Amino acid sequence: EIIAYTDNDCLFHPGWLSRCVEILETYPNVGMVTARPFRTKPEFYSATLKWAENDPQVNIERGDLIPWETFLEFDLSLGQSVEEIRRHYETSEDVHLSYGGVPTVAGASHWQFVAYKQVLQRYLPFNMDRPMGQVRQLDRRMNENGYLRLMPDQPLVMHMGNTLRGVKGLASRSPAAAATRKRPRLLDVPPLKHSLLWLYNQIFRWYFDPQ
């Protein structure tokens with residue numbers, strides 16, 4: 001009855017599944033629960049906010065509520081610079097919700113989630129003409145159909161993403177990485193780095209973004 005989905009580049013922490021199922025079974029009309037708080041685009045959880053603002057049993061809190069260290073860890077995995085992440089942190093906000101005594105953060109994402117099978121069946125099968133088909137559209141389509149998209153208020157999964165920077169403990173496990181950590185790399189020269197990351201992002205959009 002419950003499906004737990006994950007991309008193959010995720011690192012889980014103890015208790016992630018029980019916490020997600022608790023949210024799934026406590027909140028009404030839940031579409032998906034991602035096991036980590038991060039800042040999802042507001043247009044992808046507008047239905048969640050509409051429900052929360054109209055239900056007197058929901059307590060809502062807004063602001064910089066995700067700790068900076070937790071925020072930084074996740075966005076570093078996306079290949080962003082610390083300066084870019086700081087700007088993102090300062091120009092956006094978190095929305096914390098509490099319902100039935102269970103705290104959550106508004107938002108979720110297709111890269112890892114827990115959901116009811118009967119909800120997912122509404123969107124299957126996906127058209128896989130492109131590498132990711134319509135999977136990325138799951139976020140938008142669930143929101144458009146009024147489903148709640150939620151996250152626990154603690155980081156219980158890590159998206160490994162495009163780099164291991166920021167993933168606690170992993171860099172120190174590699175003797176080779178430790179030996180070369182202080183040596184500058186040509187690929188870290190800002191003009192070259194920015195150009196390559198721009199090309200990387202373009203290739204990602206060509207393949208993965210819906211047309």
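What you are looking at is a predicted structure, and each value in this text was computed from that prediction instead of being measured.
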Enquirer: Please report the interatomic distance CG(N29) to CG(L148), rounded to the nearest 0.5 Å.
Expert: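 It is 5.5 Å, given to the nearest 0.5 Å.
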
Enquirer: Counting N and O atoms only, with roles assigned by atom type, does the side chain of S98 sit under 3.5 Å from a partner on the main chain of N59, one being a donor and the other an acceptor?
Expert: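 Here the side-chain-to-backbone pair does not exist.
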
Enquirer: I'd like to know if the side chain of E84 pairs up with that of S81 as donor and acceptor (distance under 3.5 Å, no hydrogens or angles considered).
Expert: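 Side-chain D/A pair, E84 to S81: present.
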
Enquirer: Do the side chain of D94 and the main chain of L65 share a donor and acceptor less than 3.5 angstrom apart?
Expert: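 Yes; judged by distance alone, with no hydrogens or angles, the pair exists.
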
Enquirer: For I60 and H96, run side chain to side chain contact (heavy atoms under 4.5 Å, CB included): C-alpha distance rounded to whole Å, both residues' side-chain angles, the deciding distance at 0.1 Å, then the answer.
Expert: CA-CA 6 Å; I60 306 176; H96 278 207; over 6 Å; no

Enquirer: Any chance you could measure L150, atom CG, to T40, atom OG1, to the nearest 0.5 Å?
Expert: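 With rounding to 0.5 Å, CG (L150) is 10.0 Å from OG1 (T40).
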
Enquirer: Applying the side-chain contact (heavy atoms from CB on, under 4.5 Å) test to T6, which of W111, F12, F113, W16 qualifies?
Expert: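 Exactly one pass, corresponding to F12.
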
Enquirer: With hydrophobic residues grouped by side-chain heavy-atom distances under 4.5 Å, do V95 and V30 end up in a single group?
Expert: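 Result: yes, single cluster for both.
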
Enquirer: Side chains of H88 and D75: do they bring a donor and an acceptor to under 3.5 Å?
Expert: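 The criterion, which ignores hydrogens and geometry beyond distance, is satisfied for D75 and H88.
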
Enquirer: List the atom of A47, the atom of Y147, and the distance in Å for their closest heavy-atom pair.
Expert: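 So the two residues come closest at CB-O, 4.1 Å.
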
Enquirer: Under the ring-ring contact (aromatic ring centres under 6.0 Å, His included) test, which residues partner Y99, sequence neighbours left out?
Expert: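 ring-ring contact (aromatic ring centres under 6.0 Å, His included) list for Y99, sorted by chain: Y27, W51.
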
Enquirer: Test I2 against every option in V33, V119, L17, V21 by the side-chain contact (heavy atoms from CB on, under 4.5 Å) rule and name the one that passes.
Expert: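 Exactly one option meets the side-chain contact (heavy atoms from CB on, under 4.5 Å) with I2, and it is V21.
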
Enquirer: Do the side chains of D9 and H159 get nearer than 4.5 Å, heavy atoms only?
Expert: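 Heavy-atom side-chain distance check passes, below 4.5 Å.
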
Enquirer: Pair R36, M158 - check side chain to side chain contact (heavy atoms under 4.5 Å, CB included), show working.
Expert: CA-CA 7 Å; R36 180 188 184 89; M158 179 60 190; 3.8 Å; yes

Enquirer: On the 0 to 90° scale, with breaks at 30° and 60°, tag the W68-Y89 ring pair as parallel, tilted or perpendicular.
Expert: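 Taking Y89 first and then W68, their aromatic rings stand perpendicular (interplane angle over 60°).
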
Enquirer: What are the two closest non-hydrogen atoms of V105 and P37, and how far apart are they?
Expert: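 Shortest heavy-atom contact: CG2-CB, 4.0 Å.
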
Enquirer: So, does R39 use its side chain to make a donor-acceptor pair with the main chain of I66 at under 3.5 Å?
Expert: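 Looks like no, no N/O pair under 3.5 Å.
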
Enquirer: Assess the pair H110 and Y5: is the distance between their ring centroids shorter than 6.0 Å?
Expert: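 Aromatic pair excluded; centres sit 6.0 Å or further apart.
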
Enquirer: So, taking the atom named CZ in R122 and the one named CE in M142, what distance separates them when rounded to the nearest 0.5 Å?
Expert: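 One gets 9.0 Å once the value is rounded to the nearest 0.5 Å.
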
Enquirer: What I want to find out is whether R149 reaches D139 closely enough, with some N-O distance under 4.0 Å, to be called a salt bridge.
Expert: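 Yes.
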
Enquirer: Verify, without hydrogens or angle tests, whether S77 (side chain) and M160 (backbone) share a donor-acceptor contact under 3.5 angstrom.
Expert: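 No; judged by distance alone, with no hydrogens or angles, the pair does not exist.
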
Enquirer: Please walk me through it: do Q112 and D7 pass side chain to side chain contact (heavy atoms under 4.5 Å, CB included)?
Expert: CA-CA 6 Å; Q112 187 280 317; D7 282 356; over 6 Å; no

Enquirer: What distance do R140 atom CZ and N143 atom CG have between them, rounded to the nearest 0.5 Å?
Expert: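 Separation between the atoms: 8.5 Å.
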
Enquirer: Is L97 reachable from F44 through a run of I, L, V, M, F, W or Y residues, each pair having side-chain heavy atoms under 4.5 Å apart?
Expert: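 No, F44 and L97 fall in different hydrophobic clusters.
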
Enquirer: Could you measure the distance from the OG atom of S109 to the NZ atom of K41? Nearest 0.5 Å is fine.
Expert: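 Going from OG on S109 over to NZ on K41, the span is 10.5 Å.
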
Enquirer: Where is the tightest heavy-atom contact between A106 and L49, given as atom of each residue plus distance?
Expert: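 Scanning both residues completely, I find the closest heavy atoms to be CB-CD2, 4.4 Å.
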
Enquirer: Are E1 and K117 ion-paired here, with the side-chain N under 4.0 Å from a carboxylate O?
Expert: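 Result for this pair is no, no salt bridge flagged.
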
Enquirer: Charged N to carboxylate O under 4.0 angstrom, E22 versus R19?
Expert: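 Salt bridge between E22 and R19, a charged N being under 4.0 Å from a carboxylate O: yes.
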
Enquirer: With clusters defined by side-chain heavy atoms of hydrophobic residues (ILVMFWY) lying less than 4.5 Å apart, directly or transitively, does F71 cluster with L76?
Expert: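 Looking at the clustering, F71 is in the same group as L76.
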
Enquirer: Please determine whether the number of non-hydrogen atoms from other residues, nucleotides or ligands lying under 6.0 Å from atom CD of Q118 exceeds 12.
Expert: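 Check fails, neighbour count at 12 or below.
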
Enquirer: Roughly how far, to the nearest 0.5 Å, is the CD atom of E25 from the SG atom of C20?
Expert: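 Here the interatomic distance stands at 11.5 Å.
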
Enquirer: Less than 4.0 angstrom from a charged side-chain N to a carboxylate O is my criterion; do D55 and K50 meet it?
Expert: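 No, no charged N to carboxylate O under 4.0 Å.
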
Enquirer: Between S18 and G15 (side chain of the first, backbone of the second, donor and acceptor by atom type, cut-off under 3.5 Å), is there such a pair?
Expert: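 Checking the backbone N and O of G15 against the side chain of S18, a donor-acceptor pair under 3.5 Å is found.
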
